[in-house]
Engineer: 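Structure provided below as structure tokens; questions to follow.
Every heavy atom of this structure was used, including side-chain atoms; hydrogens, water molecules and symmetry mates were not.
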Amino acid sequence: MKTFEDIGRSILENAKTIAKSMGVDADTILERCYGNPAQKIIQVAEDGKFDLITISSREHSRLHNVLLGTVCDTVTRHAPCPVLVVR
């Protein structure tokens, strides 16, 4: 049985292959996160001097987003570089 990390690694490798076929040389990072994932993403982007963060957005009710916030929302507001949000 594959672990979440194995599946994540496979998804990232597929994304790199697609990007490369379109002439884009993309780097990917897979890390474990304990605590706030948004802060981890922001910190890794700052440390790595990223050009762009690509992140997916999950649909939640507006009430859910207001009360709890979202990783995507936090990253887009505080990232040190542009953020591309993909549904």
Side-chain angles (χ1 to χ4, degrees):
M1 182 174 170
K2 284 190 166 188
T3 66
F4 285 120
E5 287 182 10
D6 292 335
I7 294 167
R9 205 171 281 110
S10 176
I11 290 169
L12 291 176
E13 285 303 318
N14 288 338
K16 282 178 73 169
T17 300
I18 292 168
K20 188 170 187 155
S21 74
M22 297 179 155
V24 177
D25 185 26
D27 290 323
T28 60
I29 295 174
L30 178 64
E31 289 194 22
R32 288 184 182 190
C33 176
Y34 302 99
N36 186 326
Q39 291 303 320
K40 179 67 172 182
I41 292 167
I42 292 164
Q43 186 63 51
V44 169
E46 287 174 350
D47 294 346
K49 297 181 176 36
F50 282 19
D51 297 322
L52 176 72
I53 297 171
T54 304
I55 191 168
S56 65
S57 172
R58 296 196 312 167
E59 295 288 326
H60 290 293
S61 70
R62 288 186 185 186
L63 179 60
H64 178 272
N65 290 344
V66 168
L67 294 176
L68 300 176
T70 64
V71 172
C72 181
D73 183 55
T74 302
V75 171
T76 56
R77 291 177 189 270
H78 301 286
C81 61
V83 178
L84 173 65
V85 179
V86 180
R87 282 188 162 185

Engineer: Same cluster or not: Ile53 versus Val85, using hydrophobic residues (I, L, V, M, F, W, Y) connected whenever any side-chain heavy atoms lie under 4.5 Å apart?
Structural biologist: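 Yes, same cluster.
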Engineer: Does the side chain of Leu52 reach to within under 4.5 Å of the side chain of Pro82, using non-hydrogen atoms?
Structural biologist: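 Yes, close enough: below the 4.5 Å cut-off.
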Engineer: Minimum heavy-atom separation for Cys33 and Pro37, please, with both atom names.
Structural biologist: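 Minimum heavy-atom separation between Cys33 and Pro37: SG-CA, 3.5 Å.
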Engineer: Taking side-chain contact (heavy atoms from CB on, under 4.5 Å) as the definition, give me every residue that meets it alongside Ala38, ordered by chain and number, with sequence neighbours left out.
Structural biologist: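 Ala38 satisfies side-chain contact (heavy atoms from CB on, under 4.5 Å) with Asn36, Val71, Thr74, Val75 only.
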Engineer: Mind jotting down which residue pairs meet the salt bridge (charged side-chain N to carboxylate O under 4.0 Å, His left out) criterion with at least one end in residues 33-55? Sequence neighbours excluded, please.
Structural biologist: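 Pairs touching residues 33-55 that pass the test: Glu31-Lys40.
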Engineer: Could you go through residues 8-23 and list every donor-acceptor pair under 3.5 Å that involves a side-chain atom there, pairing it with any protein atom two or more places apart or in another chain?
Structural biologist:
{"residue": "Arg9", "atom": "NH1", "partner": "Asp6", "partner atom": "OD1", "Å": "3.3"}
{"residue": "Asn14", "atom": "ND2", "partner": "Ser10", "partner atom": "O", "Å": "3.4"}
{"residue": "Thr17", "atom": "OG1", "partner": "Glu13", "partner atom": "O", "Å": "3.0"}
{"residue": "Ser21", "atom": "OG", "partner": "Ile18", "partner atom": "O", "Å": "2.7"}

Engineer: Where is the tightest heavy-atom contact between Asp73 and Thr76, given as atom of each residue plus distance?
Structural biologist: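 Looking at all heavy atoms of both residues, the shortest contact is O-OG1, 2.9 Å.
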Engineer: Pick out which of Val83, Ile42, Ile29, Asp27 makes a side chain to side chain contact (heavy atoms under 4.5 Å, CB included) with Phe50.
Structural biologist: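 Single side chain to side chain contact (heavy atoms under 4.5 Å, CB included) partner of Phe50 among Val83, Ile42, Ile29, Asp27: Ile29.
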